[in-house]
Amino acid sequence: MNDIRQLAQYSPSGIEEKWYGAWEKAGLFSPDESLKADPFVITLPPPNVTGILHMGHCLGNSIQDTLIRWARMKGHPTLWVPGTDHASIATEQVVSRQMAAAGTPKREAGREVFLEKAWEWKEETHGRITQQIRRLGCSLDWSREAFTMDEQRNRAVVEAFVRLKDAGLIYRDVYLVNWCPHDLTAISDDEVEHKEVEGHLWHLRYPLAEGEGHVTVATTRPETMFGDVAVAVHPEDPERKHLIGQLVKLPLTDRVIPIIGDHHADPEKGTGFVKITPAHDPNDFEVGRRHGLDQVICMTPAAVMNEAAGQFCGLDTAACRKATVEAMDQAGLLAKVEKHMHQVGHHDRCGHVIEPYLSKQWFLKMDELAAPAVEAVNSGDITLFPDRWVGVYHNWMSNIRDWCISRQLWWGHRIPVWYCQDCPAEIAAAETPTRCPACGSAQLVQDDDVLDTWFSSWLWTFSPLGWPDKTPDLATYHPTTVMVTAADIIFFWVARMVMASYHFLGEKPFQEVLFTGIVRDEDGRKMSKSLGNSPDPIDLIDEYGADALRCSLIMLTPTGQDIFFSEATLEVGRNFCNKIFQASKLVLGIWDEAGLPQVVGEATAPRTLDLATVAGTDRWETAPAASLTDLWQGVFGGKLPVQVTDADLGLEDRWILSRLSQVVSDVGQNMDKRRLNDAAYDVFNFFRHEFCDWYLEAIKPRLRDEQTQGVALAVAVLNLGISYKLLHPVMPFITEELWNWLPCTSGYLMTSSYPTSSGPAPFTNDHRLFEEVKEIVGVVRNVRNELAVPPGKRGTAILRVPDQARLDQLTPCIGLVALLAKMEEVQVVVGGADPSPAGAGLAGNIEIFLPMKGLVDLDKERARLEKELGKIEGWMKGCRAKLGNAKFVDNAPEQVVQQQKDLLAENEDKAVKLRERLDALQD
RNA sequence: GGGCGAAUAGUUCAGUUGGCUAGAGCGCCUGCUUUACACGCAGGAAGUCGCAGGUUCGAGUCCUGCUUCGCCCACCA
């Protein structure tokens with residue numbers, strides 16, 4: 001038999017691929033449209049097709065798949081749409097570099113050849129990236145996969161552009177844009193990254209045209225002086241305003257420029273005189289417009305000086321800067337040089353310094369689009385988790401500026417505008433026009449530029465569903481449910497998606513946004529492809545398994561907090577996988593040995609599973625066998641294949657069933673609150689520290705006894721089954737595999753019910769009693785360990801209780817205590833003599849003695865008891881002070897006061913007993 | 001210049017409406033190869049909750065100020 005149960009340790013190899021293929025083949029990734037509940041929809045933030053997945057993607061994708069699988073099991077028609085992004089600049093850079101390396105730079109090869117290469121590259125990397133996503137286990141509906149530049153998405157982009165153009169929201173203007181001299185394209189404000197750099201502030205003298213004297217301007221970029229068209233002073237500057245209207249000679253040129261008055265000049269800053277360079281500085285651009293000044297461009301798009309720079313023509317900006325300063329110095333016009341720290345914009349893609357550059361670009365008017373987007377978040381129509389991002393969102397929206405959407409690139413959506421060569425007409429059209437509508441000319445030339453990548457991304461909640469066509473998908477699955485993304489693209493993307501959806505569809509794009517943290521390396525740096533500090537997820541999956549990776553990421557990542565990733569954290573997930581496997585192996589092995597059936601009937605389990613409804617809360621107490629039978633049927637569909645009577649359910653059975661019910665309820669609440677880490681921890685702790693550590697240990701003797709094994713097995717299998725269900729969204733592969741091994745299961749776990757609990761947990765009293773057993777066992781173990789009793793030495797434990805009622809209650813538990821504490825015998829007594837010499841401890845009001853003639857080191861025991869007593873007395877002092885404070889007693893809620901009183905009484909009792917023990921040891 | 005986040009055990013982090021005798025994973029110490037698991041089990045040590053004030057019967061939690069680290073936004077005189 002090819003049975004993974006024969007493995008010594010869990011190994012995911014083979015299992016993960018097997019199930020992914022099976023799920024996909026069975027069509028489980030597509031929404032089940034027969035379900036009546038509201039659809040649950042996510043569009044995957046499309047990874048850049050040029051990239052590979054990094055840990056940030058793994059986190060985001062794990063969170064999304066967890067939500068998706070959870071919703072699917074809960075019975076929602078569930079759709080997660082995959083896709084990739086063409087990543088205009090990033091791809092263009094990669095392909096250009098490859099072509100240059102191959103000896104045919106892109107500009108030599110031309111647009112057609114370049115695009116051919118780019119598509120080839122895209123096909124290649126696309127396969128790699130989707131493979132990575134599959135390995136992670138993401139249950140995406142691949143039949144609906146989209147690419148931002150595929151035919152349908154291209155239609156969406158063109159349609160969006162044309163509609164906005166027709167609505168007058170898109171305009172073309174000569175404007176000072178952020179220009180990358182390296183990539184030779186305009187970029188948007190959001191793509192500029194400000195970095196603090198140490199530069200210089202050069203004080204330059206510009207001689208007055210008439211008479212003696214000069215004005216001194218300060219600049220960080222002396223090379224731009226060849227674009228100067230004026231010098232500004234503040235109009236009310238008492239020391240300098242008299243110069244307004246005079247002319248100065250622009251050094252190193254033969255030009256003469258005026259001194260003008262403008263508020264932009266700050267008398268307190270620099271020298272009080274500002275050189276005005278409208279073509280190369282955003283502020284100066286505004287000043288220039290106000291004063292109707294010329295715009296003198298002194299450099300080329302590649303940041304090389306042009307004819308305006310006279311003798312320096314042909315130098316790049318850095319060389320020109322040096323030469324200009326030297327020339328000014330020689331001319332005696334360099335007044336001063338200061339070191340100067342300042343913020344300089346860099347291109348976030350290539351790192352080159354951005355030049356403000358005057359060029360003709362397409363812009364999108366934003367303020368009109370922003371209004372409904374602001375309102376949606378204000379009104380709570382769209383919620384952001386964590387909500388601190390609301391402020392960031394509004395701040396950006398209220399300072400919004402027009403979006404420069406054209407890029408001087410080739411890889412992207414070509415701007416759907418044609419220029420008539422015979423008249424000034426501009427034609428924006430979804431279909432390539434053949435004739436100019438104004439003059440009838442056939443001489444039409446399409447705009448050379450492409451659109452910003454984000455111009456396709458901002459349509460991403462609806463373009464993958466078929467917009468602009470009125471498709472059934474669009475009608476059924478939009479608005480989407482949740483958008484999961486890192487907060488670093490809140491402006492680039494999230495905010496713009498909200499605008500696009502309201503503008504084009506008149507509805508929100510999603511109900512909520514879940515911002516993930518950023519995954520950082522151990523030095524705190526953001527993991528990214530460019531830094532090369534992210535491990536390849538495939539390597540990690542090969543070594544630890546996708547389940548382990550997902551489990552570790554989800555458990556260790558509180559909503560929206562950045563995480564420091566190190567490989568060691570993956571061991572948590574891997575070890576947990578093994579734990580689940582081992583516990584299952586134990587139970588299933590005994591099930592087999594017992595000869596119990598693997599399959600019972602053909603019954604199919606119901607699609608929903610509410611523990612409180614199926615088994616009842618009160619009925620558990622009065623008719624536990626019936627409840628257990630019904631719960632089995634609710635989980636597995638078929639009939640419980642073991643005989644069970646009410647009396648067969650032991651204390652540990654009732655306790656674990658109570659805990660199970662509580663955990664189901666806790667997990668549900670945490671999932672609802674999007675606290676995925678807490679939800680995962682709930683199941684983790686339950687499974688490892690309650691089910692394995694206590695329940696399985698407690699039932700081991702029953703499992704080996706043919707008379708009693710049936711019910712213990714049934715309860716254990718139920719716990720396994722429900723645990724797999726709770727764990728499946730986080731760890732899909734191992735749970736599906738083990739579900740398949742479980743007796744009596746049919747169908748896929750992935751599309752089985754998700755347990756909920758609409759009522760309180762049953763067995764309140766049994767739960768309390770078992771917790772007491774745990775405490776007693778803990779005390780015995782502690783005493784044994786601290787007194788270094790050899791493990792082989794079993795002996796007797798005496799539990800001294802205050803009255804007959806407690807004796808009656810605890811007597812049935814002595815077997816459990818003996819088993820779990822590894823004692824030979826456990827006795828319960830009321831009063832009676834001190835069994836000294838003995839090690840002793842307290843569990844509530846129960847005194848616990850381990851009589852050990854000659855074995856106990858009296859000094860050690862005394863020290864131990866004194867330490868314990870000291871702790872209790874210290875606490876009681878504080879507690880008495882609190883209760884002695886009238887204000888506390890008067891003001892605090894009665895419940896809190898009572899709780900303090902109870903605790904004090906309990907501890908006082910403990911202290912008395914500890915002192916008695918100490919006295920007894922004096923002899 | 002404006003804003004946000006973080007600061008809790010050696011370390012990475014939980015701690016949700018103030019009620020805490022502050023928890024977990026990893027690491028550390030002790031013991032255990034107990035026929036599911038050493039990727040394990042049992043036990044243990046370990047914290048002035050960044051600092052200073054304040055509100056409150058009560059503060060890790062709320063308020064004010066400060067320090068350190070990180071991030072975002074902002075027109076490069």
Side-chain angles (χ1 to χ4, degrees), chain A residues 5 8-10 194 197 199 201-203 217-221 224 232 264-266 269-277 281-286 340 342-345 353-354 356 386 388-389 391-392 395-396 399 487-488 490-491 518 520 522 524 526 548 555-558 560-564 566 568-569 571-572 574-579 581-590 670 673 675 677-678 681 684-685 692-693 696-697 700 778 781-786 788 790-792 822 871-872 874-876 878-879 882 885-893 895-897 899-900 903 907:
Chain A
R5 284 177 287 179
Q9 278 180 349
Y10 177 68
H194 292 272
V197 298
L201 199 53
W202 285 279
H203 293 244
V217 298
T219 180
T220 55
R221 297 195 304 152
T224 63
H264 166 58
D266 181 348
K269 230 168 143 186
T271 61
F273 294 100
V274 189
K275 62 195 271 308
I276 299 301
T277 323
D281 181 281
N283 289 312
D284 296 0
F285 179 78
E286 297 297 333
H340 182 64
H342 60 148
Q343 298 283 328
V344 178
V353 173
I354 292 303
R388 60 188 151 86
W389 292 106
V392 179
N395 185 45
W396 185 76
N399 295 314
D488 55 354
I490 183 170
F491 308 133
I518 290 169
R520 301 180 179 281
E522 284 166 272
K526 181 161 129 184
M555 274 205 332
L556 301 171
T557 309
Q561 281 298 346
D562 287 3
I563 55 166
F564 292 87
S566 77
T569 62
E571 291 181 7
V572 175
R574 182 199 59 186
N575 295 356
F576 186 45
C577 285
N578 187 50
K579 191 72 178 177
F581 169 71
Q582 295 295 346
S584 306
K585 192 167 82 169
L586 170 72
V587 174
L588 302 186
I590 292 171
N670 280 320
K673 287 189 279 187
R675 299 177 69 99
N677 58 323
D678 288 345
Y681 252 112
F684 176 88
N685 284 326
C692 290
D693 291 351
L696 289 182
E697 292 305 323
K700 274 182 177 172
R781 286 169 173 172
N782 171 272
V783 172
R784 289 182 60 121
N785 261 290
E786 298 239 319
K822 298 200 189 308
K871 225 193 285 178
I872 289 177
W875 181 79
M876 284 198 300
C879 188
K882 209 186 257 187
N885 181 348
K887 285 181 180 170
F888 170 71
V889 180
D890 293 345
N891 291 318
Q895 190 194 338
V896 173
V897 177
Q899 187 196 352
Q900 287 296 312
L903 278 169
N907 280 284

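- OP1 or OP2 of B:A77 has not a single side-chain nitrogen or oxygen of A:Asn283 nearer than 4.0 Å.
- Two residues, A:Ala568 and A:Arg388, neighbour RNA chain B, and the one matched to the more 5' nucleotide by heavy-atom proximity is A:Arg388.
- The gap from the P atom of B:G47 to that of B:C4 amounts to 35 Å, rounded to the nearest Å.
- Residue contacts shown for A:Thr220 include a base, since a base heavy atom lies under 4.0 Å away.
- Residue A:Asn907 places its side chain closer to B:U21 than to any other of B:U21, B:C39, B:C57.
- Of the side-chain N and O atoms in A:Lys700, none sit less than 4.0 angstrom from OP1 or OP2 of B:U35.
- Counting non-hydrogen atoms under 4.0 angstrom, A:Asp890 reaches nothing in the nucleic acid.
- Using a 4.0 Å heavy-atom distance criterion, A:His340 is classed as a sugar-phosphate-only contact.
- Among the heavy atoms of the strands lying under 4.0 Å from A:Ala218 are primed sugar atoms or P, OP1, OP2 only; no base atom is included.
- Across the P atoms, B:C32 and B:C51 are found 42 Å apart, a figure rounded to whole Å.
- The interatomic distance linking A:Gln899 (CD) with B:C57 (C1') rounds to 15 Å, in whole Å.
- Nucleic acid contact for A:Val572: sugar-phosphate only, since backbone atoms but no base atoms lie under 4.0 Å from a heavy atom of the residue.
- Considering only side-chain atoms of A:Asn575, the nucleotide from B:C76, B:C39, B:A36 that sits closest is B:C39.
- Between B:U17 and B:C62, the two P atoms lie 8 Å apart (nearest whole Å).
- The backbone N or O of A:Asn395 lies less than 3.5 Å from a partner atom in the side chain of A:Asn399, making a donor-acceptor pair.
- Searching all strands for a Watson-Crick or G-U wobble partner of B:G70 with both distances below 3.5 Å returns B:C4.
- Separating the CG atom in A:Asn575 from the CD atom in A:Gln9 is a distance of 9.0 Å, to the nearest 0.5 Å.
- Here, B:A59 and B:A52 have their C1' atoms 15 Å apart, quoted to the whole Å.
- Nearer to the 5' terminus of RNA chain B, by closest-nucleotide assignment, is the contact made by A:Arg675 (compared with the other of A:Arg675 and A:Asn685).
- In this structure, A:Phe684 and A:Tyr681 have perpendicular ring planes: the angle between them is above 60°, well past the 30° mark.
- The side chain of A:Lys887 has B:C57 as its nearest neighbour among B:U21, B:C57, B:A77.
- The interatomic distance linking A:Lys579 (NZ) with B:A38 (C1') rounds to 11 Å, in whole Å.
- Within the nucleic acid shown, A:Phe491 comes within 4.0 Å of sugar-phosphate atoms alone, with no base atom in reach, counting heavy atoms only.
- The CG atom of A:Asn782 sits 12.0 Å away from atom CZ of A:Arg784, with the distance rounded to the nearest 0.5 Å.
- Taking atom CZ of residue A:Arg574 and atom C1' of nucleotide B:C37, one finds them 13 Å apart after rounding to whole Å.
- The residue A:Val217 sits apart from the nucleic acid: no heavy atom pair falls under 4.0 Å.
- Comparing B:U48 with B:A22, their C1' atoms are spaced 13 Å from each other, to the whole Å.
- A:Lys822 comes within 4.0 angstrom of a nucleotide base, judged by non-hydrogen atoms across all strands.
- If you check distances only, the side chain of A:Asn891 never reaches the base of B:U56 with a donor-acceptor pair under 3.5 Å.
- B:C39 and B:C20 have their P atoms separated by 38 Å, with the value rounded to a whole Å.
- Here the side chain of A:Pro791 is nearest to one of B:G19, B:C32, B:C75, namely B:C32.
- Using a 4.0 Å heavy-atom cutoff across all strands shown, A:Arg781 reaches sugar-phosphate atoms only and no base atom.
- Candidate nucleotides B:C76, B:G19, B:A36 were compared by shortest atom distance to the side chain of A:Val353, and B:C76 ranks first.
- Under the 4.5 Å side-chain criterion, counting only non-hydrogen atoms from C-beta, A:Ile872 is in contact with A:Met876.
- For A:Gln343 against B:C76, no side-chain N or O and base N or O form a donor-acceptor pair under 3.5 Å.
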Task: Worked check of side-chain contact (heavy atoms from CB on, under 4.5 Å) between A:Gln900 and A:Phe888 - done: CA-CA 11 Å; A:Gln900 287 296 312; A:Phe888 170 71; 4.0 Å; yes
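- The separation between A:Lys585 atom NZ and B:C39 atom P is 13 Å, rounded to whole Å.
- Among the heavy atoms of the strands, none lies under 4.0 Å from A:Cys577.
- If you take CE of A:Met555 and P of B:G23, they are 20 Å apart, rounded to a whole angstrom.
- Regarding A:Asp488, its CG atom lies at a distance of 18 Å from the P atom of B:G70, rounded to whole Å.
- Listed pair A:His264 / B:A77 fails the phosphate criterion, with no side-chain N or O lying under 4.0 Å from OP1 or OP2.
- Listed nucleotides B:C57, B:C20, B:G44 differ in distance to A:Phe888; the shortest reach to its side chain belongs to B:C57.
- Looking at heavy atoms from C-beta onward, A:Asp281 lies out of side-chain contact with A:Thr224 at the 4.5 angstrom threshold.
- With contacts defined as side-chain heavy-atom distances shorter than 4.5 Å, the pair A:Trp875/A:Asn907 qualifies.
- Remark: ring of A:Trp875 overlaps the six-membered base ring of B:U21 in a stacked fashion, centroids less than 5.5 Å apart, planes less than 30° apart.
- Counting only heavy atoms from C-beta outward, the side chains of A:Val197 and A:His342 approach each other to under 4.5 Å.
- With hydrogens and angles left out, the side chain of A:Glu697 and the base of B:A36 share a donor-acceptor pair within 3.5 Å.
- Between A:Tyr10 and A:Phe581, the two ring planes are tilted [angle within 30° to 60°].
- Contact annotation for A:Val197: no contact, since no heavy-atom pair falls under 4.0 Å across all strands.
- Going from the P atom of B:A74 to that of B:G3 covers 15 Å, rounded to whole Å.
- The interatomic distance linking A:Arg784 (CZ) with B:G44 (C1') rounds to 16 Å, in whole Å.
- Nucleic acid contact class of A:Ile354 (heavy atoms, under 4.0 Å, all strands): base.
- Atom P of B:G10 sits at a distance of 13 Å from the matching atom of B:G50, rounded to the whole Å.
- Nucleic acid contact for A:Leu903: base, since at least one base atom lies under 4.0 Å from a heavy atom of the residue.
- Side-chain atoms of A:Asn785 lie closest to B:A42 of the nucleotides B:A42, B:A36, B:C39.
- B:A36 is unpaired under the Watson-Crick or G-U wobble criterion, no partner having all donor-acceptor distances under 3.5 Å.
- With B:A77, B:C76, B:G44 as the candidates, the nucleotide lying closest to the side chain of A:Asp266 is B:A77.
- Computed from coordinates, the A:His194 NE2 to B:G3 C1' distance equals 15 Å when rounded to whole Å.
- At a threshold of 4.0 angstrom between heavy atoms, the contacts of A:Asp678 include nucleobase atoms, whether or not backbone atoms are also involved.
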